[in-house]
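We count ligands from 1, going down the list as the structure has it; atoms in each ligand are counted the same way.
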Amino acid sequence: MRKLSIVGAGSMAEALISGIIANGLINKQNIWVTNRSDRERLSSLQKKYGICATYDKAELFRDADAVILAMKPKDAVAGLAKILPYLPKNTLVISVLAGLAITSIEKMAGRELAVVRAMPNTSAAIGKSATGLAFNSHVTDEQALLAKKLFETVGLAAFVEESQLDAVTGLSGSGPAYIYYLVEAMENSASEIGLESHLAKELIIQTLLGAAEMLRTSDKPSRQLRHEVTSPGGTTEAGIRILENRQVQASLIHCIKEATAQSKRLGRMLSEAGDGSSTSVVELRERSS
Ligand SMILES: NC(=O)C1=CN([C@@H]2O[C@H](COP(=O)(O)OP(=O)(O)OC[C@H]3O[C@@H](n4cnc5c(N)ncnc54)[C@H](O)[C@@H]3O)[C@@H](O)[C@H]2O)C=CC1
Ligand SMILES: O=C(O)[C@@H]1CCC=N1
């Protein structure tokens with residue numbers, strides 16, 4: 001790829017930039033980035049990665065093979081209205097926005113576009129994202145492979161049907177937050193059970209790494225691995241009984257379903273907003289709560 005342009009310069013954009021550069025997929029001077037107005041943020045990215053930054057849309061998009069959309073969904077409609085008219089005809093559009101359907105992007109552009117919709121997660125920052133990718137019929141085989149390669153620089157990438165992307169968002173897009181939530185609870189318990197916080201953190205991290213590696217390398221299903229930790233009449237059994245009594249597993253399933261539903265709602269809201277409706281993200285959140 002000769003040139004990649006990124007619209008939005010937040011955490012997801014930075015994670016992708018660092019992965020792409022570390023893997024040498026694109027020369028850093030050919031990666032361009034912009035944001036809404038935070039010049040300081042752009043210049044810090046420029047200094048840190050040696051990439052280019054601009055507010056000039058013609059310069060940003062000139063000869064770009066691909067453009068990554070990486071603003072927040074709430075900024076999508078206004079942001080896209082400003083940039084879509086400047087997109088060169090054959091440029092591949094890659095959106096990482098939660099919920100935003102490929103047809104909504106095409107509708108907002110008012111023309112046919114080659115669009116890849118991707119859902120990575122923040123572990124992209126350390127090359128460990130789990131990314132789902134879908135694309136429309138205007139995307140060539142070469143473009144689809146390029147998009148996959150791009151996300152493979154930041155971890156695992158797999159093609160899915162676009163209809164599955166809300167589920168990917170609810171499961172692995174938001175997934176790191178669920179794990180951090182669990183870790184918060186483990187950390188908070190440490191002081192109550194008499195462990196010093198630094199030691200507790202090391203024990204927690206190693207426990208997570210070990211469990212993740214067991215899941216990755218063992219043929220045994222997660223349920224069996226759990227049973228192997230759980231001695232009859234032992235400590236794990238006593239602890240898990242509390243989780244079962246409080247329906248923690250059912251709550252987690254509910255959590256993932258709700259995140260998936262929110263991705264769908266965001267998609268509908270963005271589609272309506274793109275059509276000129278005045279529904280805001282805040283209104284949507286209120287409606288769904
Ligand atoms: N943070 C996460 O865990 C994940 C986020 N995503 C998606 O990535 C997108 C970005 O998320 P973050 O990086 O976390 O957000 P962020 O808030 O860190 O960054 C958003 C960036 O977009 C820029 N922006 C806003 N309006 C703009 C406009 N009109 N033109 C140009 N730039 C504009 C902002 O200045 C900011 O640099 C979201 O759509 C989110 O759904 C996807 C997967 C995981
Ligand atoms: O919370 C969100 O909406 C974004 C999408 C997936 C993770 N973070």
Side-chain angles (χ1 to χ4, degrees), residues 5-19 32-46 48 51 53-57 59-61 67-87 93-102 104-105 108 115-126 128-134 147 150-151 154-157 160 164-181 255-256 258-267 269-270 273-274 281-282 284-285 288:
S5 304
I6 306 176
V7 182
S11 45
M12 193 40 69
E14 181 167 3
L16 289 168
I17 291 166
S18 67
W32 288 72
V33 65
T34 195
N35 61 11
R36 193 168 31 194
S37 55
D38 187 347
R39 286 177 187 275
E40 239 174 77
R41 168 72 176 160
L42 285 192
S43 83
S44 106
L45 286 177
Q46 260 182 305
K48 188 166 172 190
I51 58 173
T54 183
Y55 285 108
D56 178 341
K57 292 181 194 71
E59 185 178 36
L60 180 71
F61 296 138
V67 171
I68 298 183
L69 305 176
M71 65 279 264
K72 287 282 189 200
K74 71 177 175 54
D75 297 318
V77 176
L80 287 175
K82 281 191 204 141
I83 61 157
L84 285 172
Y86 294 87
L87 275 184
V93 175
I94 302 174
S95 166
V96 298
L97 278 76
L100 181 63
I102 293 175
S104 297
I105 299 176
M108 287 182 222
V115 185
V116 167
R117 180 175 159 196
M119 181 43 59
N121 67 34
T122 47
S123 303
I126 52 153
K128 299 281 186 202
S129 176
T131 304
L133 295 165
L150 219 139
F151 285 96
V154 292
L156 175 150
V160 297
Q164 295 177 301
L165 273 177
D166 296 312
V168 171
T169 306
L171 185 73
S172 56
S174 299
Y178 311 148
I179 306 296
Y180 299 139
Y181 186 81
C255 152
I256 292 164
E258 184 56 22
T260 302
Q262 180 68 357
S263 177
K264 288 194 170 87
R265 286 191 287 261
L266 278 173
M269 182 273 292
L270 289 167
V281 174
V282 175
L284 184 89
R285 203 180 301 131
S288 66

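For atom 6 (C) of ligand 2, the nearest protein heavy atom lies under 4.0 Å away. When distances from atom 2 (C) of ligand 2 to the protein are checked, no heavy atom turns up under 4.0 Å.
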May I have a table of the N/O to N/O pairs between ligand 1 and the protein that fall below 3.5 Å, each row giving the two atom names and the distance to 0.1 Å?
| residue | atom | partner | partner atom | Å |
| --- | --- | --- | --- | --- |
| ligand 1 | 13 (O) | S11 | N | 3.1 |
| ligand 1 | 13 (O) | S11 | OG | 3.4 |
| ligand 1 | 13 (O) | M12 | N | 2.9 |
| ligand 1 | 14 (O) | S11 | OG | 3.1 |
| ligand 1 | 14 (O) | K72 | NZ | 3.2 |
| ligand 1 | 15 (O) | K72 | NZ | 3.4 |
| ligand 1 | 18 (O) | S11 | N | 3.1 |
| ligand 1 | 32 (N) | R36 | N | 3.3 |
| ligand 1 | 37 (O) | A9 | N | 2.8 |
| ligand 1 | 37 (O) | G10 | N | 3.4 |
| ligand 1 | 39 (O) | M71 | O | 2.5 |
| ligand 1 | 41 (O) | A98 | N | 3.0 |

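Heavy atoms of other residues, nucleotides or ligands lying less than 6.0 angstrom from OH of Y181 number 12 at most.
Within the 4.5 Å cutoff, the side chain of F151 has no heavy atoms near those of the L156 side chain. In this structure, S95 and I105 have side chains that are in contact, with non-hydrogen atoms separated by less than 4.5 Å. The shortest side-chain heavy-atom distance between T34 and I83 does not fall under the 4.5 Å cut-off. For the pair K57 and K82, the minimum side-chain heavy-atom distance is below 4.5 Å.
Note that CD of Q46 and OG of S43 are 6.5 Å apart. Values are rounded to the nearest 0.5 Å.
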Apply side chain to side chain contact (heavy atoms under 4.5 Å, CB included) to residues L171 and T260 and explain how you reach the verdict.
CA-CA 8 Å; L171 185 73; T260 302; over 6 Å; no
Please set out all donor-acceptor pairs under 3.5 angstrom arising from side-chain atoms of residues 5-16, sequence neighbours excluded.
| residue | atom | partner | partner atom | Å |
| --- | --- | --- | --- | --- |
| S5 | OG | L60 | O | 2.6 |
| E14 | OE1 | R41 | NH1 | 3.1 |
| E14 | OE1 | R41 | NH2 | 3.0 |
| E14 | OE2 | K48 | NZ | 2.8 |
| E14 | OE2 | Y49 | OH | 2.6 |

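Residue, atom and distance of the protein heavy atom nearest to atom 4 (C) of ligand 2 are A98 CB, 4.7 Å.
Close contacts between ligand 2 and G173 involve ligand atoms 6 (C), 7 (C) [criterion: under 4.0 Å to a heavy atom].
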